[in-house]
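Worksheet: the structure to be examined is printed underneath.
First the proteins, then the strands, lettered A, B, ... as listed; each starts at 1.
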Protein chains: 2
Amino acid sequence: MPLTARVCLSLKSTPSVPDAKQNLTAEAWARAALDAMASGGLEAVAVEPLARRLGVTKGSFYWHFANREALLRAALALWERRETEEVLARIGDEADPYARIVKVFKEANAGYRSGRLYLAIAAAEDHPLVNEFVRRVSERRMAYLVECYEALGFEPTRAQHWARFAYATFMGNLQIRRDTPELMPGGPQFNEYLKLMIKTLIPREGADRGAEESHPHVVPMRQSGGGA
Amino acid sequence: MPLTARVCLSLKSTPSVPDAKQNLTAEAWARAALDAMASGGLEAVAVEPLARRLGVTKGSFYWHFANREALLRAALALWERRETEEVLARIGDEADPYARIVKVFKEANAGYRSGRLYLAIAAAEDHPLVNEFVRRVSERRMAYLVECYEALGFEPTRAQHWARFAYATFMGNLQIRRDTPELMPGGPQFNEYLKLMIKTLIPREGADRGAEESHPHVVPMRQSGGGA
DNA sequence: CCTTGCCCATACGCAGGCGTACGGGTAGAG
DNA sequence: CTCTACCCGTACGCCTGCGTATGGGCAAGG
């Protein structure tokens, strides 16, 4: 009954066209698991519902994975890979630390889908495996922000404070957008809100006032051992 | 076998002493449900595990509640009551809006238990019943903050922006403390962090600079015709 | 003592998810 | 054509949680 157009694609390239009913890959299961997670949390990553959604049965699943935890591990690994790759791909080539933080901000407030997924995964921090991945991703994000603030001329401690402050604001905005979207404005109001946060969370050392529209490049301070 | 010390306490007073094995009340079930929720999320609110934890069987539960959803409703109602009561009790008598926001901040960053519970409940926004309660609580909190910022002299739109900003920071700090507690400093470092957020999130209209240690009371502006 | 009402234990059927055993079908190699 | 490896369907047992039916213990009231 199945079409059986044997392709057997490796893990490095996404099929891009699911082609109705090809043979499933482990990554297809992992992607479906992430989708389910974004929708219904960790508990939604169940073998039989996923199999139904993919149009197959458990027989397929237990061929690719040893058990449910293996699927979770694969899904979380895929998520971690996406996070780091996307972040590095979109804002990694930006030299100016100010513009980097701004980009992070706009990405964080624009990509609702990835934010929702993050909240869903983070909500299951009880699970030790999940906790491990969440820790790595969060610490990496924070470290990136700390670097940005240090490149702006802040000493390490204050850079950590500002980075934590900014990261907390990202996360909180995600929560607000998910739980009470009517409290998050749209259109020009949102742009005002965004500008307020950016202006507030990226202060210039010593002087807070001046330059509302233009964000002049700040000369990074030498910080003892390493340059920015 | 049970001690059977008939007391039959009403819903308005907590027993204060569980006394080993009294007859359970509906509120005792609701409190247990909130505890389970804070630990394991919405899925942890299961009848049989809760019964085991309370030392009884399902027979007790289905005497007090019609079904699981009724327990959820009672638990969420208890949560909402606690939230509003506690907030109003602790910072309701403060006249100065600046001090009110500061108190909100310190409470939000101090009470980790209630924050964890909030995150656990908010993580189940899929559930329509949960969503309803989360919306009410969040909107009430936001409205309170908006009032504070308006009392500080901000026009409504900017007051909403600042309130949302501050609220997002609260929520984000909760997330950070839960997911990556090692990124949240303790002791004097935390006080520095707190002071930075307070100083940044409660600006004085027009002038951002000045008064690092002393926070002078700002005269609230009349906002009939629109201030700022 | 007996009745009534409150609170709970026991036992059952049902549904859904996990993991396993086993068989079948297809494609490619020979 | 046959054999083999790969991928998946089917069927089963197990566990856990939901909801119900039913009975029983205990205290208060008569």
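- Residue A:W63 places at least one side-chain N or O under 4.0 Å from the OP1 or OP2 atom of D:dC7.
- Distances were taken from every side-chain heavy atom of A:E48 (C-beta onward) to each of C:dC8, C:dG17, D:dC18; the shortest belongs to C:dG17.
- A straight line from CZ of A:R53 to P of C:dG16 spans 19 Å, rounded to a whole angstrom.
- A cation-pi geometry, defined here as NZ or CZ lying under 6.0 Å from the six-membered ring centre and within 45° of its normal, does not hold between A:R141 and A:Y167.
- For A:R52, no side-chain nitrogen or oxygen approaches OP1 or OP2 of D:dG9 to under 4.0 Å.
- A straight line from OH of B:Y62 to P of C:dC6 spans 21 Å, rounded to a whole angstrom.
- In this structure, B:H64 does not reach the C:dC6 phosphate: none of its side-chain N or O atoms is under 4.0 Å from OP1 or OP2.
- Taking the six-membered ring for Trp and thresholds of 30 and 60 degrees, B:Y193 and A:F165 have ring planes more than 60 degrees apart, a perpendicular arrangement.
- A straight line from CZ of A:F65 to P of D:dC8 spans 11 Å, rounded to a whole angstrom.
- Nearest nucleotide to the A:S60 side chain, out of D:dC18, D:dG9, C:dC18: D:dG9.
- For B:T57, the side-chain atoms get nearest to C:dC8 when compared with the rest of C:dC18, D:dT20, C:dC8.
- Using a 4.5 Å heavy-atom cutoff, the side chains of B:T157 and A:Q189 are in contact.
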